[in-house]
Amino acid sequence: MLAGRCYRGTRISLEVAPLLQEPHPSSLLRISSNNSSQITCQRLLESRLISALDGCDCLPRLKHVHGHLIRAGLDQSSFLLAKLLRTLTNLDLPMDGYARQVFDQVRQPNSFLYTALIRGYALQGPTQLAFGLYTRMRLNETPPLTFTFSALFKASAGSLDARVGAQVHAQIVRLGGFDLDLYVNNTLIDMYIKCERFQDARKAFDAMPHRDVLSWTSLIVGYVRRGKMEEATELFDQMDEKDMVAWTTMITGNAQNRRPGDALQVFQQMWSMGIETDDVTLVGAISACAQLGSLRYGRWLRYIARQRGFDQNVVVGSALVDMFAKCGSLDEAREAFDMVKEKNVFTYSAMVVGLAMHGCALPAMQLFEEMVNSGTVPNGVTFIGVLTACSHAGYVDRGRQYFSTMREKYEIAPTADHYACMVDLLGRAGHVEEAFDLIQHMPADISLHGGVWGALLGACRLHGRPHIAEVAAKHLFALEPDGIGNYVLLANIYASAGMWGEVVRVRKMMREKGLKKNPGCSWVEAKDGRLHEFYASGKTHPRDSEIMTVLEGLLERLKQSGYVPILRCVLYDIGDREKQQLLKMHSEKLALAFSLIDTTHGSVIRIAKNLRTCEDCHLFFSLASKVSGREIVLRDNMRFHHFEDGLCSCGNFW
DNA sequence: GTAGGGTTAG
């Protein structure tokens with residue numbers, strides 16, 4: 001059966017096919033009954049050795065069986081040795097020379113032996129040896145098999161260099177036969193995709209006489225990796241037969257290409273068609289949900305994961321941790337974290353970053369210590385997490401320590417992202433000049449990005465220094481010419497310093513570039529699960545008058561408990577009364593008033609906002625949490641604020 | 001025997 005499927009239409013393969021049909025243990029006895037007793041014995045021995053090889057799960061056991069094989073005088077049996085080599089490479093062992101030894105002891109290796117070793121090098125490396133062996137095989141006139149070519153393509157894919165693979169491809173086209181084989185072509189496409197030679201993959205795909213769901217999926221992956229989701233979707237729609245992997249590719253692809261809405265739409269379609277969902281599918285959907293920030297949807301995905309026991313899976317679990325943190329529910333993130341028994345660096349990092357985002361600096365650092373004590377080695381992302389935590393809480397010295405530990409103890413070279421964290425940490429704490437200095441003395445091989453200068457500009461917003469801001473902004477405008485936030489920030493810094501002439505100049509720049517300030521927008525999920533949007537100084541919501549009544553009432557109560565609007569948050573040159581009016585109508589305040597009307601009493605109020613929240617709103621929310629007795633989670637474009645009983649998790653430092 | 005997987009800052 002195997003031979004029939006794999007060797008169809010190839011001349012060379014027919015010669016070797018009988019070898020493959022030989023040795024299934026159950027058939028051996030049947031064959032042997034018609035032969036002499038000596039052969040029967042030999043066959044039985046072989047059969048035993050085959051079972052023994054199947055049961056090998058570690059190198060010493062394998063070597064033990066190999067010893068038996070030699071003593072039984074079967075050390076030249078190509079079939080058994082090929083089986084042994086395959087088992088050896090499947091054990092995920094490095095090709096430490098033992099496999100080669102076994103191979104070299106054979107006087108006349110056949111196609112299967114060569115292929116087994118080539119496959120070993122393809123899977124475990126070093127991949128170039130696979131090609132060397134293939135050359136020797138051809139020089140010895142040993143006929144190749146379909147397996148041989150798929151192993152070679154795998155080796156090429158593994159080394160991410162398609163050059164040798166492409167030569168082999170040209171050879172099999174000349175040779176004929178093999179280039180029609182489905183399996184060979186599928187591995188060929190996969191190789192070209194992995195080596196980023198999309199055009200060659202497409203050509204191979206188009207030349208195939210028959211394609212299966214794997215060929216289609218591989219090509220779709222090619223589009224996904226190049227960010228071409230329209231083309232990927234078009235191809236996907238053309239598929240007659242779609243399996244779970246094909247669906248998952250589209251879900252993950254959309255998620256990876258920042259199209260979370262489309263990802264979840266595909267997931268829902270798949271779900272409604274009753275197609276099975278596994279851990280990989282869920283990871284894609286959960287990651288999309290994290291980008292979208294929809295807690296309700298996230299809880300549904302967790303329910304599906306739980307039903308199938310995937311919430312204990314380390315990859316699904318890590319994705320859940322990240323998703324719940326990004327959806328504003330730190331408690332559920334922690335719950336998901338605790339469900340994972342064998343946590344790895346992803347699980348810990350997701351939780352550390354989550355805690356940092358929510359302003360829980362001490363727990364983030366504590367968890368980092370816990371992680372190290374558990375023997376999990378932190379990576380660059382984990383350090384982003386602890387550095388952010390330090391930055392949000394103003395722990396400058398701890399941050400400096402982490403920064404040097406990362407290089408000295410863990411030998412992780414800091415990237416521009418880490419420098420951005422350090423600039424943020426120093427700058428936020430008021431060491432603006434030191435932060436500037438750090439940027440100027442960054443190693444030359446690290447290319448600066450917007451994050452580094454952006455952190456410096458943010459520091460200038462907090463602590464003044466319009467002249468440093470100017471330098472930072474100049475770099476930012478070059479790196480991110482359309483980054484509207486940078487212009488707004490610079491204008492605000494000038495406004496705070498009373499440099500109104502400069503404000504006018506920046507506003508003029510924005511006008512000339514055709515950039516418009518994004519209107520402030522907040523949104524909240526109501527009782528019925530629908531999303532409600534609010535715009536600054538809005539009057540766009542159907543229940544506007546009701547909202548205004550609640551807002552006015554709340555404002556009065558807050559004023560009685562000591563609230564004084566922070567007028568300097570308004571960066572326009574206008575009178576105090578107008579400033580108060582503008583502040584009152586910030587979108588998050590409208591969303592909060594609405595939440596007090598239309599959410600279940602006693603539940604956590606969750607509000608998201610597209611821009612950074614202002615100091616006045618922050619104070620307003622702190623006091624509102626006390627007066628209303630409600631817990632409020634506010635997500636702005638940077639991070640989360642947890643307001644409870646008059647206090648915010650960020651300790652008013654953000 | 002071949003296709004799909006999670007964490008990053010202003």
Side-chain angles (χ1 to χ4, degrees), chain A residues 2 5-6 86 90 115 119 123 146-147 150-151 153-154 157 181-191 193-194 212-222 224 243-253 255-256 278-287 290 313-323 325-326 340 344-354 356-357 378-385 387-388 391-392 415-425 427-428 449-461 472 476 480 483 485-486 489 612 637-639:
Chain A
L2 199 57
R5 197 180 64 199
C6 294
R86 287 182 61 81
N90 283 339
T115 303
R119 180 175 169 274
L123 292 174
T146 49
F147 293 134
S150 53
F153 295 146
K154 206 184 235 311
D181 185 86
L182 182 65
Y183 179 55
V184 168
N185 276 306
N186 281 348
T187 46
L188 178 67
I189 292 174
D190 187 49
M191 172 195 76
I193 297 292
K194 288 211 166 86
D212 66 358
V213 61
L214 279 84
S215 335
W216 285 86
T217 307
S218 291
L219 198 66
I220 290 177
V221 169
V224 165
D243 64 0
M244 181 173 67
V245 177
W247 282 95
T248 303
T249 304
M250 291 305 293
I251 293 166
T252 309
Q256 287 168 342
D278 75 353
D279 48 342
V280 186
T281 321
L282 279 168
V283 165
I286 292 167
S287 151
N313 171 306
V314 61
V315 184
V316 177
S318 305
L320 284 171
V321 170
D322 170 62
M323 182 271 291
K326 286 189 177 140
V340 182
N344 65 12
V345 62
F346 284 87
T347 330
Y348 278 107
S349 301
M351 195 68 224
V352 169
V353 171
M357 264 192 327
N379 65 13
V381 180
T382 330
F383 278 101
I384 296 277
L387 290 175
T388 315
S391 162
H392 286 166
T415 63
D417 297 334
H418 296 104
Y419 275 94
C421 286
M422 283 308 286
V423 170
D424 188 51
L425 169 73
R428 237 182 246 278
H449 61 206
V452 185
W453 291 113
L456 189 64
L457 194 62
C460 295
R461 189 194 60 85
L476 267 174
E480 301 172 351
N486 302 329
L489 213 52
R612 195 176 187 283
N637 62 346
M638 295 294 163
R639 50 171 296 171

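Proteins get letters first, then strands, A, B, ... in listed order; numbering begins at 1 in each.
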> A:Ser318 versus A:Val315: any side-chain heavy-atom pair under 4.5 Å?
Replying inline: no

>> Using a 4.0 Å heavy-atom cut-off, does A:Asn637 contact any base of the nucleic acid, only the sugar-phosphate backbone, or nothing at all?
In response: nothing

> Does a distance-only test, which skips hydrogens and angles, find a donor-acceptor pair under 3.5 Å between the side chain of A:Ser318 and the base of B:dG6?
Replying inline: yes

>> Tell me the interatomic distance from A:Met357, atom CE, to B:dA9, atom P, rounded to whole angstroms.
In response: 7 Å

> So what does A:Val353 touch, heavy atoms closer than 4.0 Å: a base, only the sugar-phosphate, or nothing?
Replying inline: sugar-phosphate

> Touch check for A:Asn185, heavy atoms < 4.0 angstrom, all strands: base, sugar-phosphate only, or nothing?
Replying inline: nothing

> Are A:Arg119 and A:Arg86 close enough that some pair of their side-chain heavy atoms sits under 4.5 Å apart?
Replying inline: yes

> What is the nucleic acid contact for A:Gly451, judged by heavy atoms within less than 4.0 Å: base, sugar-phosphate only, or nothing?
Replying inline: base

>> Does A:Gly450 reach a base, just sugar-phosphate, or nothing at all? Heavy atoms under 4.0 Å.
In response: base

> Separation of A:Met323 atom CE from B:dG5 atom P, in whole Å?
Replying inline: 19 Å

> Distance check: side-chain N/O of A:Gln256 vs OP1/OP2 of B:dG5, anything under 4.0 Å?
Replying inline: yes

> Heavy atoms under 4.0 Å, any strand shown: does A:Val452 hit a base, just sugar-phosphate, or nothing?
Replying inline: nothing

> What nucleic acid atoms does A:Thr248 come within less than 4.0 Å of, heavy atoms only: base, sugar-phosphate, or nothing?
Replying inline: base

> A:Arg428 side chain N/O closer than 4.0 Å to the phosphate oxygens (OP1, OP2) of B:dG10?
Replying inline: yes

> Can you tell me how far P of B:dT2 sits from CG of A:Asp212, to the nearest Å?
Replying inline: 12 Å

>> Is there a side-chain contact between A:Lys326 and the phosphate of B:dG6, meaning an N or O under 4.0 Å from OP1 or OP2?
In response: no

> Base, sugar-phosphate alone, or nothing: which one does A:Leu476 contact when heavy atoms must sit under 4.0 Å apart?
Replying inline: base

> For A:Arg428, what residues pass the salt bridge (Lys or Arg N to Asp or Glu O under 4.0 Å) criterion, not counting sequence neighbours?
Replying inline: A:Asp424

> Atom CE of A:Met422 and atom P of B:dA9: how far apart are they, to the nearest Å?
Replying inline: 17 Å

>> So, OP1 or OP2 of B:dG10: does either fall under 4.0 Å of a side-chain N or O from A:His392?
In response: yes

> Would a distance-only check, ignoring hydrogens and angles, find a side-chain to backbone donor-acceptor pair under 3.5 Å from A:Asp417 to A:Ala420?
Replying inline: no

> Looking at residues at least two apart in the chain, or sitting in another chain, which of them share a side chain to side chain donor-acceptor pair (under 3.5 Å) with A:Thr281?
Replying inline: A:Thr248, A:Asp278

